[in-house]
J.: 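Structure incoming, see below.
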Number of protein chains: 2
Amino acid sequence: MEKELELFERHIQHKGLKRSNQRDCILKTFLKSERHLSAEDLFHMVKQDYPHIGYTTVYRTLRLIVESGIAEVVDFDDGVKRFERKLGREYHAHFICSHCGNHFEAFDVNIKTLSSRLAKEQGFLPQNHRLEIFGICKKCG
Amino acid sequence: MEKELELFERHIQHKGLKRSNQRDCILKTFLKSERHLSAEDLFHMVKQDYPHIGYTTVYRTLRLIVESGIAEVVDFDDGVKRFERKLGREYHAHFICSHCGNHFEAFDVNIKTLSSRLAKEQGFLPQNHRLEIFGICKKCG
DNA sequence: CTACTTGCAAAGCATTTGCCGGATG
DNA sequence: CATCCGGCAAATGCTTTGCAAGTAG
């Protein structure tokens with residue numbers, strides 16, 4: 001969490017912006033939460049501390065969070081963007097069940113290895129990668 | 001192309017729907033085209049044959065195409081869904097340049113192998129997978 | 001004090017739905 | 001001739017922007 005706060009601070013400074021209680025609250029709520037939050041999820045969580053918070057502020061802060069390198073966007077093809085913490089999570093794949101819509105993840109070091117090798121072969125400088133696997137989960141199968 | 005037409009026919013039949021010149025034209029245009037078409041791209045291409053075509057019909061037919069198993073959705077985080085042919089293309093990764101926005105792909109048999117192994121470990125029945133790598137391309141690097 | 005932030009309301013954008021004349025089998 | 005199709009216009013749902021009052025440094 002320290003690392004993330006520092007990244008956020010640095011990004012805010014770098015863009016000549018200011019911190020605020022709302023931004024801090026949104027960031028901390030995001031960091032405390034489970035994975036795969038939508039803007040709406042986060043909005044409702046923050047609303048408990050800031051009843052007057054608006055979607056606007058949540059969206060704007062999420063943008064800052066992504067720009068800071070703290071989080072990244074994931075997409076499960078249901079029309080909603082979700083956000084997840086990035087740091088130290090480079091080795092995981094997302095599983096999305098096409099029957100119940102639930103998703104979970106799995107870690108495997110080879111995901112990073114494979115992405116890095118492919119990128120190198122293409123003369124591409126990789127910053128980030130996503131592996132999503134769609135199918136039927138244990139419960140639905 | 002034969003294989004895809006058959007899949008489409010079967011899906012149409014199965015749902016008790018009818019074929020039409022527009023649907024055939026949209027499907028054939030899609031199949032003839034390059035990869036990674038947005039609905040808008042396809043709309044403009046089909047408009048050359050059917051000046052009165054509407055977005056609606058393109059969207060509805062794209063849905064049928066995806067349902068038939070002919071194509072799948074890819075997402076480059078720019079707010080637009082893109083569609084690409086599915087058959088025989090299980091071994092590729094997408095590279096998206098975060099500077100110029102261009103994208104290309106690379107084939108590697110290990111992508112499928114890795115996805116299948118991970119899914120097996122999770123008791124998950126995989127139907128489909130996506131590997132997207134974001135970063136800086138050769139030109140922009 | 002100046003510039004940034006907030007949150008409401010309104011706009012924007014890709015996509016979907018309602019409707020009804022028109023086509024298909 | 002019952003049912004599905006096609007395309008316009010309107011609606012939808014997520015996300016962004018404009019604006020005027022409020023706040024940070």
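By convention in this document, chain letters (A, B, ...) are assigned in the order of the sequence lines, proteins followed by strands, and residues within each chain are numbered from 1.
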J.: How about B:Phe43 and B:Tyr55: are their ring centroids closer than 6.0 Å?
T.: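 For B:Phe43 and B:Tyr55, the ring centres are under 6.0 Å apart.
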
J.: Calculate the interatomic distance between A:Leu62 atom CG and C:dG7 atom P; express it in whole Å.
T.: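 Distance, rounded to whole Å: 14 Å.
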
J.: Between P on C:dT24 and NZ on B:Lys15, what's the gap in Å once rounded to a whole number?
T.: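 These atoms are roughly 21 Å apart.
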
J.: What contact category does A:Glu40 fall into here, base, sugar-phosphate, or nothing, at under 4.0 angstrom with non-hydrogen atoms?
T.: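 Counting heavy atoms under 4.0 Å across all strands, no contact is made by A:Glu40.
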
J.: Using the ring of each side chain (for Trp, its six-membered ring), is A:Phe76 parallel, tilted or perpendicular to A:His103, with breaks at 30° and 60°?
T.: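 Correct class here is tilted.
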
J.: Can you identify which nucleotide, out of C:dT15, D:dC8, D:dG6, has its nearest atom closest to the B:His52 side chain?
T.: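 Given the options C:dT15, D:dC8, D:dG6, the side chain of B:His52 is closest to D:dC8.
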
J.: Expressed in angstrom and rounded to an integer, what is the separation of A:Leu42 atom CG from D:dC14 atom P?
T.: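 Computing the A:Leu42:CG to D:dC14:P distance gives 15 Å.
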
J.: What is the distance, rounded to the nearest whole Å, between atom NZ of A:Lys81 and atom P of C:dT15?
T.: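 Interatomic distance, NZ of A:Lys81 to P of C:dT15: 12 Å.
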
J.: Select one nucleotide: of D:dG6, D:dC4, C:dT5, the one nearest the side-chain heavy atoms of B:Leu17.
T.: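 Output: D:dC4.
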
J.: Check whether any side-chain N or O of A:Gln22 sits under 4.0 Å from OP1 or OP2 of D:dT23, and answer yes or no.
T.: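 Answer is no, no contact under 4.0 Å.
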
J.: Nearest 0.5 Å, what's the OG1-CG distance between B:Thr29 and B:Asp24?
T.: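 Separation between the atoms: 10.0 Å.
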
J.: With a 4.0 Å limit, can you tell me whether A:Tyr59 has a side-chain N or O closer than that to the phosphate oxygens OP1/OP2 of D:dT15?
T.: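 True: A:Tyr59 side-chain N/O within range (under 4.0 Å) of D:dT15 OP1/OP2.
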
J.: Separation of A:Asp78 atom CG from D:dT12 atom P, in whole Å?
T.: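 Atom CG in A:Asp78 sits about 20 Å away from atom P in D:dT12.
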
J.: Looking at B:His92 and B:Arg130, would you say the former's side chain and the latter's main chain have a donor-acceptor pair under 3.5 Å?
T.: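 Absent.
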
J.: Atom NE2 of B:His44 to atom P of C:dA14: distance rounded to whole Å?
T.: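 The answer, rounded to whole Å, is 10 Å.
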
J.: Consider the side chain of B:Ser20, meaning its heavy atoms from C-beta on, and name the nucleotide among D:dC5, C:dT5, D:dG7 that approaches it most closely.
T.: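 Comparing D:dC5, C:dT5, D:dG7 against the side chain of B:Ser20, the answer is D:dC5.
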
J.: Nearest to the A:Ile53 side chain among C:dG7, D:dG7, C:dA14, which nucleotide is it?
T.: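 Side chain of A:Ile53 sits closest to C:dG7.
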
J.: Determine: side-chain N/O of A:Arg63 to OP1/OP2 of D:dT16, distance under 4.0 Å, yes or no.
T.: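 Answer is yes, contact under 4.0 Å.
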
J.: Ignoring hydrogens and angles, answer whether the base of D:dC14 and the side-chain atoms of A:Ser38 contain a donor-acceptor pair closer than 3.5 Å.
T.: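 Side chain to base: no pair below 3.5 Å.
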
J.: Where do B:Arg60 and B:Arg23 land on the side chain to side chain contact (heavy atoms under 4.5 Å, CB included) test, with the steps shown first?
T.: CA-CA 9 Å; B:Arg60 283 197 278 231; B:Arg23 285 185 180 165; 5.7 Å; no

J.: Looking at the base of C:dA3, is there any donor atom on it, or on the side chain of A:Lys18, that sits under 3.5 Å from an acceptor on the other one?
T.: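 Result: at least one qualifying N/O pair found.
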
J.: Between the base of C:dC8 and the side chain of A:Thr56, is there any donor-acceptor pair under 3.5 Å?
T.: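 By the distance-only test, yes, there is a pair.
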
J.: For B:Tyr55 and A:Thr61, find the nucleotide of DNA chain C closest to each by heavy atoms; which residue's nucleotide sits nearer the 5' end?
T.: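 Residue closer to the 5' terminus by nearest nucleotide: A:Thr61.
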
J.: In whole Å, I'd like the distance from the CG atom of B:Asn21 to the C1' atom of D:dC5.
T.: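 Distance check: B:Asn21 CG to D:dC5 C1' gives 11 Å.
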
J.: Remember a base hit wins even if backbone is also touched, and classify A:Arg60 as base, sugar-phosphate or nothing at under 4.0 Å, heavy atoms.
T.: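 The residue A:Arg60 makes base contact.
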
J.: Does D:dC4 have its OP1 or OP2 closer than 4.0 Å to a side-chain nitrogen or oxygen of B:Arg23?
T.: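 Checking D:dC4 against B:Arg23, no side-chain N or O comes under 4.0 Å of OP1 or OP2.
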
J.: A:Asp77 has an atom CG; how far is it from atom P of D:dC14, in whole Å?
T.: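 About 15 Å, once rounded to whole Å.
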
J.: So, under a plain 3.5 Å distance rule, would you say the side chain of B:Arg19 forms a donor-acceptor pair with the base of C:dG25?
T.: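 A donor-acceptor contact between them is absent.
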
J.: Could you go through A:Phe104 and A:Phe95, starting from their C-alpha distance and side-chain angles, then the distance that decides it, and tell me whether this counts as ring-ring contact (aromatic ring centres under 6.0 Å, His included)?
T.: CA-CA 5 Å; A:Phe104 64 96; A:Phe95 290 84; 5.0 Å; yes

